[in-house]
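Numbers here are sequence positions counted from 1.
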Amino acid sequence: MKSFTVNDHKYVAKDFTYNVVCDLEDMGVSLSDFKAKPMSVLRAYLAICADRDMDFAGEEIQAHVIAGGSFDEMMNAMSEKMDESDFFRALQSRTENS
């Protein structure tokens with residue numbers, strides 16, 4: 001089980017299933033936005049992993065960065081979950097072949 005820590009809170013990294021991708025879109029971010037809006041994608045992903053709202057996730061990330069934390073662990077966990085996701089890989093493959 002892949003996890004990451006933000007402000008001494010350990011979060012389990014969620015799999016990139018169809019429902020998680022839809023939840024991200026419902027929060028206003030698309031995975032295709034990652035390069036253009038990496039902060040928004042990370043905030044939405046933390047909100048999903050924490051089962052909390054976007055405001056909580058934003059405050060959690062802000063406090064983490066102010067305290068000297070980095071995005072590395074969360075980004076690595078998210079990237080690993082994307083790489084492991086059959087759904088995400090199939091989705092990516094279709095986008096690349098279009």
Side-chain angles (χ1 to χ4, degrees):
M1 180 173 6
K2 185 69 181 166
S3 63
F4 58 92
T5 304
V6 177
N7 293 330
D8 297 324
H9 297 115
K10 189 173 185 175
Y11 298 100
V12 174
K14 298 279 185 173
D15 293 330
F16 277 83
T17 63
Y18 177 77
N19 286 330
V20 166
V21 172
C22 288
D23 289 344
L24 288 168
E25 288 180 352
D26 288 346
M27 293 174 160
V29 298
S30 170
L31 294 177
S32 62
D33 290 340
F34 191 74
K35 288 184 181 179
K37 297 181 178 183
M39 299 292 185
S40 295
V41 173
L42 287 174
R43 180 179 65 161
Y45 186 66
L46 177 59
I48 288 169
C49 293
D51 197 24
R52 301 285 298 267
D53 64 21
M54 296 274 273
D55 287 336
F56 169 84
E59 291 168 10
E60 188 79 343
I61 290 170
Q62 178 173 301
H64 179 69
V65 171
I66 289 170
S70 76
F71 298 114
D72 295 344
E73 189 179 3
M74 186 166 54
M75 289 180 76
N76 289 338
M78 192 169 89
S79 292
E80 265 187 52
K81 286 299 187 178
M82 285 178 181
D83 291 343
E84 293 172 359
S85 169
D86 293 335
F87 172 73
F88 185 74
R89 284 193 310 245
L91 190 64
Q92 226 177 4
S93 157
R94 288 184 184 185
T95 303
E96 290 169 358
N97 292 330
S98 296

> Mind checking whether L42 and V12 sit in one hydrophobic cluster, side chains of I, L, V, M, F, W, Y counted as touching below 4.5 Å?
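Looking at the clustering, V12 is in a separate group from L42.
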
> Determine, step by step, whether I48 and M27 satisfy the side-chain contact (heavy atoms from CB on, under 4.5 Å) criterion, reporting the C-alpha distance in whole Å, the side-chain angles of both residues, the deciding distance to 0.1 Å, and the verdict.
CA-CA 10 Å; I48 288 169; M27 293 174 160; 3.8 Å; yes

> Would you say that E84 contacts K81 through its side chain, given a criterion of any heavy-atom pair below 4.5 Å between the two side chains?
yes

> If every non-hydrogen atom of A50 is compared with every non-hydrogen atom of F56, which pair is closest and at what distance?
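Looking at all heavy atoms of both residues, the shortest contact is CB-CE2, 4.0 Å.
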
> Give every donor-acceptor pair under 3.5 Å between a side-chain atom in residues 70-78 and any protein atom, sequence neighbours left out.
residue : atom : partner : partner atom : Å
S70     : OG   : D72     : N            : 3.3
E73     : OE1  : T5      : N            : 3.4
E73     : OE2  : T5      : N            : 3.4
N76     : ND2  : D72     : O            : 3.2

> Return the minimal non-hydrogen interatomic distance between H9 and E60, and the atom names on each side.
ND1-OE2, 2.7 Å

> Which atom names give the shortest non-hydrogen contact between A47 and A57, and what distance separates them?
N-CB, 3.6 Å

> State the NZ-CG distance between K2 and D15, to the nearest 0.5 angstrom.
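K2 NZ to D15 CG: 13.0 Å, rounded to 0.5 Å.
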
> To the nearest 0.5 Å, tell me how far S85 OG sits from K14 NZ.
14.0 Å

> Any chance you could measure D86, atom CG, to F16, atom CZ, to the nearest 0.5 Å?
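The CZ atom of F16 is 14.0 Å from CG of D86, to the nearest 0.5 Å.
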
> My understanding is that only residues two or more places apart in sequence, or in another chain, count here; which of them pass ring pair (Phe, Tyr, Trp, His ring centres under 6.0 Å) with F87?
Y18

> Give every residue pair that meets the side chain to side chain donor-acceptor pair (under 3.5 Å) criterion with at least one member in residues 36-54, sequence neighbours excluded.
none

